[in-house]
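Everything numeric here is computed off the predicted structure, so don't read it as measured data. Chain A is the first sequence line, chain B the second, and so forth, proteins listed ahead of strands; every chain is numbered from 1.
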2 protein chains.
Amino acid sequence: MKLEVLTVSDNQEIQNSIISKIRELINYKNLEPGDKLPSERMLSDKFGVSRSNVRDAIQKLEFYGLLKSIPQSGTFVANIGVVAMNGMIEDILRLETPDFKSLVETRILLELKTVRLASLRRSEEDLKNIKEALDAYKEKALSGEDAVQEDLLFHLAIAKASRNSTMNTFMLTITPQIIIDFEKYHVCDKDQAVMGIEEHTDIYEAIKKQDPELAKQKMKDHFKALYQYCYNVK
Amino acid sequence: MKLEVLTVSDNQEIQNSIISKIRELINYKNLEPGDKLPSERMLSDKFGVSRSNVRDAIQKLEFYGLLKSIPQSGTFVANIGVVAMNGMIEDILRLETPDFKSLVETRILLELKTVRLASLRRSEEDLKNIKEALDAYKEKALSGEDAVQEDLLFHLAIAKASRNSTMNTFMLTITPQIIIDFEKYHVCDKDQAVMGIEEHTDIYEAIKKQDPELAKQKMKDHFKALYQYCYNVK
DNA sequence: CCATATTTTTTGGTTAACCAGTTTTGGAAC
DNA sequence: GTTCCAAAACTGGTTAACCAAAAAATATGG
């Protein structure tokens with residue numbers, strides 16, 4: 001287990017080092033938006049690493065919109081100037097795995113917004129999906145089983161109903177880590193699950209009534225315990 | 001150009017189809033958290049696609065925390081139940097490229113929060129970084145040049161000072177697309193750049209004074225024009 | 001029959017060869 | 001000197017062979 005973590009860390013190091021070298025190259029050669037980077041083979045040769053490592057690094061920079069690979073042509077620097085490029089690569093290199101507090105803080109921010117938007121924009125089908133998620137959660141929680149999954153699916157259903165694809169994506173990306181941390185820190189015990197039913201129902205009713213402020217308040221109440229817990233732990 | 005878009009779309013289709021098949025497999029075989037998936041070779045064989053396609057699909061599901069590859073052992077379903085797994089894969093398959101309105105809406109939400117947090121948590125070094133970004137923006141804007149990069153670097157400096165790694169990451173991920181859309185829709189003309197100097201300075205001063213509510217209000221003012229523009233366009 | 005050592009198989013990851021386009025280049029024709 | 005075209009070189013993507021480590025199976029000794 002230790003070894004695995006180590007290798008992952010090493011790979012991360014290698015990738016960051018390659019990203020760093022690509023930045024130096026862009027600076028040194030004064031590459032501007034639209035200019036072509038040296039080929040993957042050349043880079044892997046120059047950096048002394050495998051081509052797949054170079055490809056992975058490029059893919060990451062492509063994800064953040066800094067580079068653009070075109071199939072049989074080359075890799076190009078995106079329509080972004082050298083200043084922004086440097087600043088963003090700097091930030092990307094410093095990206096750390098988010099701590100629990102940061103995660104919860106962000107989740108609360110997002111959910112107070114998505115629940116408000118969902119109240120305003122939900123379709124009848126959205127409402128139906130939320131209701132189904134609520135019922136599934138109810139049943140599981142009442143049976144005394146662990147209902148963390150159904151809990152989060154209820155929240156994801158609200159995020160989907162918010163009709164904001166960016167926030168929906170963000171909720172999707174933080175959910176797995178939240179599940180892991182919840183289990184790690186033993187948040188959401190079973191006694192809270194029953195209380196959660198009432199709170200979830202309140203949120204659902206507010207969305208049904210299309211009352212954004214009420215929905216936001218009910219979500220706030222729902223997060224109250226989590227919020228305090230989170231700030232006590234860390 | 002058309003062709004490129006087409007192939008990208010095709011690749012996306014292939015990947016989604018593989019993800020979909022993996023889901024069916026998990027459902028059919030009733031795989032639970034911790035269970036091992038068939039090997040990559042077996043999957044590529046069974047699905048009739050290349051192994052690298054399977055690897056890419058697995059990597060994506062790994063990003064969303066649904067699978068976990070362990071080097072010389074196998075790929076395992078994460079500590080997430082079959083219900084949440086299905087719901088999340090469903091959402092992942094439906095992920096669309098975010099529209100401009102969704103992007104701006106999310107950015108405003110994030111920035112109103114980060115500027116507040118930055119006011120409360122900023123270190124002296126954070127403040128220095130923000131000041132430097134502000135000065136760079138000032139200089140560029142006053143010279144009449146395009147200062148979109150320096151503009152966004154100022155905002156990213158604030159995000160960094162918020163000491164919330166998740167929000168910082170989210171700001172990084174949406175920034176490139178925002179730049180692209182800004183240029184596409186010709187937001188942020190040069191006459192706005194000069195006005196932006198004053199607004200940026202106000203925000204900086206509020207952060208310096210560690211006044212979170214003032215900072216939030218100044219950021220709100222800063223976004224006022226953008227907000228209206230965004231809701232008129234779409 | 002059990003516990004331990006050893007060989008064999010299986011695994012995700014890596015490397016190198018290959019492919020189908022794109023880009024460059026060299027020289028022929030005018 | 002310019003234009004054009006074919007051929008060679010180069011490109012990111014794909015495929016298949018290979019690697020080392022981890023499991024699994026088999027053998028060995030008690």
Side-chain angles (χ1 to χ4, degrees), chain A residues 1-19 21-22 25-26 29 31 34-78, chain B residues 1-19 21-22 25-26 29 31 34-78:
Chain A
M1 205 50 161
K2 269 280 174 67
L3 261 174
E4 181 218 333
V5 174
L6 198 66
T7 47
V8 165
S9 165
D10 276 354
N11 285 348
Q12 190 74 16
E13 286 297 319
I14 289 175
Q15 193 180 75
N16 276 353
S17 125
I18 294 175
I19 289 178
K21 279 171 184 164
I22 289 178
L25 191 76
I26 291 176
K29 290 204 169 184
L31 296 184
D35 286 353
K36 187 157 76 172
L37 234 61
S39 71
E40 296 177 352
R41 289 168 182 81
M42 216 170 289
L43 290 178
S44 68
D45 203 40
K46 185 195 283 265
F47 297 159
V49 296
S50 74
R51 198 182 143 202
S52 38
N53 286 140
V54 173
R55 280 177 64 80
D56 288 345
I58 288 177
Q59 198 175 1
K60 183 162 185 181
L61 292 178
E62 210 175 347
F63 173 79
Y64 285 104
L66 301 182
L67 296 179
K68 173 73 185 164
S69 272
I70 294 181
Q72 271 77 26
S73 180
T75 302
F76 301 83
V77 323
Chain B
M1 206 49 161
K2 269 278 175 66
L3 261 175
E4 182 220 331
V5 174
L6 198 65
T7 47
V8 166
S9 165
D10 276 355
N11 286 347
Q12 190 74 17
E13 285 295 320
I14 289 175
Q15 193 179 76
N16 276 353
S17 126
I18 294 174
I19 290 177
K21 281 171 182 165
I22 289 178
L25 192 76
I26 291 176
K29 289 205 169 185
L31 296 184
D35 286 354
K36 187 158 76 170
L37 235 61
S39 71
E40 295 177 353
R41 288 167 183 81
M42 218 169 286
L43 290 178
S44 69
D45 203 40
K46 185 194 283 265
F47 297 159
V49 296
S50 75
R51 199 183 141 199
S52 38
N53 286 140
V54 173
R55 280 177 64 80
D56 287 345
I58 288 176
Q59 199 174 359
K60 183 162 184 181
L61 291 178
E62 210 174 347
F63 174 79
Y64 287 104
L66 301 182
L67 297 180
K68 174 73 186 165
S69 271
I70 294 180
Q72 271 77 26
S73 180
T75 302
F76 301 83
V77 321

Please state whether the phosphate of [N], meaning OP1 or OP2, lies under 4.0 angstrom from any side-chain nitrogen or oxygen of [X].
| X | N | result |
| --- | --- | --- |
| B:T75 | C:dT11 | no |
| B:S39 | C:dT11 | yes |
| B:R55 | C:dG12 | no |

Side chain to side chain contact (heavy atoms under 4.5 Å, CB included), paired with A:L66, selected from A:V77, A:L61, A:I19, A:I58:
A:L61
Looking at [atom1] of [X] and [atom2] of [Y], how far apart are the two atoms once the value is rounded to the nearest 0.5 Å?
| X | Y | atom1 | atom2 | result |
| --- | --- | --- | --- | --- |
| A:E62 | A:T75 | CD | OG1 | 7.0 Å |
| B:S50 | B:R55 | OG | CZ | 11.0 Å |
| A:F76 | A:L37 | CZ | CG | 9.5 Å |
| A:I18 | A:K60 | CD1 | NZ | 11.5 Å |

For [X] and [N], what is the distance between atoms [atom1] and [atom2] respectively, to the nearest whole Å?
| X | N | atom1 | atom2 | result |
| --- | --- | --- | --- | --- |
| A:M42 | D:dT11 | CE | P | 5 Å |
| A:D56 | C:dG13 | CG | P | 10 Å |
| A:K68 | D:dT11 | NZ | P | 19 Å |

Pair B:K46-B:L25, side-chain contact (heavy atoms from CB on, under 4.5 Å): steps then yes or no:
CA-CA 11 Å; B:K46 185 194 283 265; B:L25 192 76; 4.2 Å; yes
Any N/O pairs under 3.5 Å between the protein and nucleotides 15-19 of chain D? List them or say none.
| unit_1 | atom_1 | unit_2 | atom_2 | d |
| --- | --- | --- | --- | --- |
| D:dT15 | OP2 | B:S50 | OG | 2.8 |
| D:dC18 | N4 | B:R41 | NH2 | 3.2 |

